[in-house]
Amino acid sequence: MESSSENLVKTLLRNPSSIKTKSQAKQLHAQIVKTRGSRSVSLATIIIGIYSDLNLLKESLEVFNNFRYVPTKAWKYVVRCYSCNGYFRDSLACFVEMRGWGKLPGSDVFPSVVRACTHLKELRVGESVHGCVIRFGMESDLYTANALMNMYAKLQVLSHDYHVFDEIPQSDRVYSRRSSLTQDSEIGILRNELIRSEKSHFESLSGRRVKNATGLDSVSKIFQMMPDKDVVSWNTVIGGNVQSGLYEEALERLREMSNAYLKPDCFTLSSVLPVFARHVDVLKGKEIHGYAIRHGFDKDEYIRSSLIDMYATCTRVEDSYRVFNLLSEKDDVSWNSIIAGCVQNGTFVEGLGLFRQMLAANVKPVEVSFSAILPACAHLTTLQLGKQLHAYIIRVGFDQNMYIASSLVDMYAKCGKIMTARWIFDRMEIHDPVSWTAIIMGYALNGHAREATILFENMQHDKIKPNAVAYLAILTACSHAGLVDEGWNYFTSMNRYGVSPDLEHYASIADLLGRAGRLTEAYKFINDMPIKPTGSIWATLLSACRVHKNVELAEKVAKEMSTADPGNMGPYLLLSNMYSAAGRWKDASKLRTNMKKKGMRKPPACSWIEVRNQVHAFVSGDTSHPYYDQIHVALRDLYERLKQEGYVPQISEALHDVDEEQKSDLLYTHSERLAIVFGIISTPAGTTIRIIKNLRVCVDCHTAIKFISKIMGRDIIVRDNSRPFQRWELFMWRLLVMVTMEMYP
DNA sequence: GTAGGGTTAG
């Protein structure tokens with residue numbers, strides 16, 4: 001017995017890789033200690049190698065700590081094991097200590113050390129390690145070079161993105177949010193030690209500091225110098241290009257890769273799929289999908305979520321759904337992909353439904369889930385749901401996430417809660433162009449142009465250059481407040497900042513001039529634009545003509561508009577309204593007959609209201625709502641009280657040439673009134689009523705709502721397609737009340 | 001040693 005087990009031990013020691021499990025490793029270790037004691041350095045080194053290969057950190061460290069004099073191999077095993085177990089700081093510390101003992105590192109330890117630097121986002125330490133790699137002639141090692149490319153691809157892109165913090169020392173930058181100060185100073189010491197010992201070698205050997213390189217220079221340089229490249233090398237360089245937005249380069253590398261007779265794998269495909277998504281090239285995307293199916297990669301969860309995203313970005317949400325529904329196991333990423341796909345394509349209610357399904361499926365929402373779903377609350381003005389999400393976000397500590405904070409600012413602003421939006425904005429640690437734009441646009445939409453211009457200036461003091469969207473926000477602010485000169489100045493200053501105005505900026509200026517009643521100027525401006533005017537830009541001017549009752553110009557503009565956009569009946573509707581308002585009934589009816597001949601029909605007016613986490617839709621004259629009878633009774637009562645208060649229906653803008661009685665009947669079946677009355681009868685007294693409507697609120701509804709607000713003592717906010725916010729307000733803004741989230745028990 | 005999902009756009 002004794003000798004046979006001794007033989008086995010000998011066999012195993014000659015061939016340590018045959019040990020496959022923890023218990024086998026421990027048995028062997030115990031047998032050796034029993035028969036030969038624990039003195040032998042060479043045996044201990046073999047054992048630590050076995051433990052480290054099995055990723056057993058605790059066991060490796062037990063052996064490691066018993067060495068009086070640690071052999072080089074043992075150092076390497078422990079550095080690697082720390083890194084593999086996610087203890088990146090310890091891995092680096094161990095590496096520094098190993099170097100301090102004069103031990104020579106090799107291709108067996110560099111990949112783990114570089115990986116540690118990548119995870120710790122320590123570019124400068126990584127550069128020093130790179131210096132060390134060059135010093136020991138390891139730069140042509142496949143695994144080491146792959147790891148280095150990965151590090152530069154990830155960290156150099158990062159340091160470009162966050163140029164805002166350039167003055168802040170790097171240690172603060174990387175760790176300020178996540179780690180304690182002690183860890184910072186530890187890594188600082190580590191970094192200094194490494195940099196002191198390796199920097200000069202690195203600089204002299206590589207000829208220049210990699211830090212000064214731009215974009216993917218370092219990655220390409222390493223890639224070109226590699227004597228052997230495998231699929232991972234190609235994937236890393238392709239992925240790096242994609243992440244830096246260099247899509248053409250990524251595709252070129254993909255072609256080169258096939259020329260080198262290397263077949264794309266799961267990693268390659270999920271890296272290049274976003275390229276076709278960004279290019280909105282669904283045909284190429286489908287080719288990749290087909291390739292994935294042929295090679296059996298379509299079972300891969302990374303590929304699937306990339307496919308969901310690709311189809312959604314190409315506005316093919318149905319195809320996203322198809323891929324999503326085929327998933328047997330749906331993880332948070334696939335849920336987030338489909339939710340984001342819906343929201344980005346404007347199907348907000350579906351997005352919310354999927355979000356609820358995700359929770360019901362016990363998939364925990366992560367940061368991305370919230371930044372994906374919050375825009376849906378913003379667009380639907382579902383403030384209650386938005387607040388519940390916000391409460392949850394605060395509870396789990398996601399509130400300092402840039403994406404989430406910006407979406408919250410936008411959501412509160414779109415729900416008319418501009419003070420809350422500001423409160424969140426002011427409490428953000430850092431502001432980026434998006435968060436600035438969200439708050440500026442928030443003030444613009446809520447009609448506070450002055451505050452918007454102040455913030456626009458503050459943004460520039462914060463060294464953030466306004467981009468096209470920021471300009472759109474400030475132009476919107478000016479046009480809503482009638483600040484013609486200011487708006488014009490902002491518009492002309494765009495080129496100074498290297499932002500070339502696009503159609504939306506021109507539209508904003510046309511709107512600005514039109515609202516201010518400078519109609520002829522606006523007409524000339526649109527005609528002189530360097531971009532071909534679209535139907536929608538003419539529509540802006542046309543509605544200005546209506547407001548300023550200029551029928552002659554309106555006729556001209558309507559003509560231009562129907563040439564630019566023949567299918568659109570907007571110009572006909574507006575013009576016919578204007579004829580009616582001017583009492584030119586014949587012209588109005590002629591126009592309407594023309595429309596009918598062309599087969600044009602007005603889209604149904606629709607209003608939405610959120611009550612107890614449910615969105616209720618009302619179509620003009622619609623009787624299908626389950627509470628329609630109650631709504632109708634309440635509407636009649638309300639109508640009586642409105643009349644007592646002095647409300648007189650203003651029917652001059654009504655579309656139909658019918659008698660007065662019929663007109664007022666038509667008017668009080670308008671969808672927004674149905675929604676408002678439903679809101680009144682189904683919410684407690686004093687609750688703010690928030691409505692969204694797909695068409696413009698008519699003048700009579702505007703007046704009626706003012707009366708309703710007064711009689712019922714309610715704030716009423718209506719967002720329609722011409723002015724996002726019109727409010728009939730009785731109370732001051734209330735402070736944000738945190739609502740406990742019903743959906744998260 | 002490699003890969004997927006997120007914020008602003010009257």
Side-chain angles (χ1 to χ4, degrees), chain A residues 83-84 107 110-112 114-115 118 141-151 153-154 230-240 242-243 265-274 277 300-310 312-313 331-341 343-344 366-375 378 401-411 413-414 432-442 444-445 447 467-473 475-480 502 504-505 507-508 511-512 515 536 540 719-725:
Chain A
S83 186
C84 288
S107 58
F110 280 126
S112 332
V114 174
R115 200 163 84 95
T118 311
D141 173 65
L142 179 64
Y143 279 44
T144 306
N146 283 346
L148 281 169
M149 285 198 297
N150 182 42
M151 179 188 78
K154 291 225 167 70
D230 67 355
V231 184
V232 178
S233 326
W234 285 96
N235 289 346
T236 308
V237 82
I238 290 171
V242 173
Q243 272 154 28
D265 63 1
C266 290
F267 288 83
T268 330
L269 298 189
S270 65
S271 292
V272 297
L273 270 170
D300 181 276
E301 56 184 272
Y302 283 81
I303 300 276
R304 288 178 164 191
S305 52
S306 300
L307 282 169
I308 293 173
D309 180 54
M310 184 273 295
T313 312
D331 66 356
D332 57 331
V333 179
S334 39
W335 278 105
N336 293 336
S337 304
I338 190 73
I339 291 169
V343 174
Q344 284 158 4
V366 294
E367 273 143 310
V368 179
S369 319
F370 292 100
S371 43
I373 197 63
L374 277 168
N401 177 298
M402 279 286 231
Y403 291 93
I404 292 178
S406 300
S407 334
L408 281 171
V409 167
D410 177 57
M411 187 272 293
K414 286 221 170 70
D432 69 349
V434 175
S435 50
W436 277 108
T437 309
I439 190 70
I440 294 169
M441 186 65 90
L445 297 180
N467 59 18
V469 189
Y471 269 108
L472 203 53
L475 293 178
T476 304
C478 292
S479 99
H480 279 239
D502 58 31
E504 277 158 323
H505 300 98
S508 196
D511 184 45
L512 182 71
R515 275 173 199 260
S536 68
T540 313
R719 217 173 91 187
D720 72 6
N721 72 338
S722 70
R723 281 187 59 199
F725 296 95

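Keep in mind that this is a model prediction, so the values were computed, not measured. Quick note on labels: first sequence line is chain A, next is B, and so on, each numbered from 1.
Across the protein-nucleic acid pair, A:Trp436 atom CH2 and B:dA9 atom C1' stand 19 Å apart, rounded to whole Å. One can place CE of A:Met411 at 19 Å from C1' of B:dA9, the figure rounded to the nearest angstrom.
Pairing each heavy atom of A:Leu472 with each of A:Met441, the nearest pair is C-CE, 4.3 Å. Considering all non-hydrogen atoms of both residues, A:Thr118 and A:Met151 come closest at OG1-CB, 3.3 Å. Residue A:Ser369 comes nearest to A:Asn336 through the heavy atom pair OG-OD1, 2.8 Å, listed as atom of the first residue, atom of the second, then distance.
Proximity of a side-chain donor or acceptor of A:Ser508 to a complementary backbone N or O of A:Glu504 within less than 3.5 Å is not detected. No donor-acceptor distance shorter than 3.5 angstrom exists from the side chain of A:Thr313 to the backbone of A:Ala277, with no hydrogens or angles considered.
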In the 5'-to-3' direction, what one-character label does each nucleotide of nucleotides 2-7 of chain B receive under the scheme B = base within less than 4.0 Å of a protein heavy atom, S = sugar-phosphate only, - = no such atom? BBBBBB

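In this structure, the side chain to side chain contact (heavy atoms under 4.5 Å, CB included) partners of A:Thr144, at least two apart in sequence or on a different chain, are A:Ser107, A:Phe110, A:Pro111, A:Val133, A:Asp141, A:Leu148.
Nucleic acid contact class of A:Leu142 (heavy atoms, under 4.0 Å, all strands): base. Among the protein residues, A:Asn467 comes within range of no part of the nucleic acid, since none of its heavy atoms lies under 4.0 Å from any strand.
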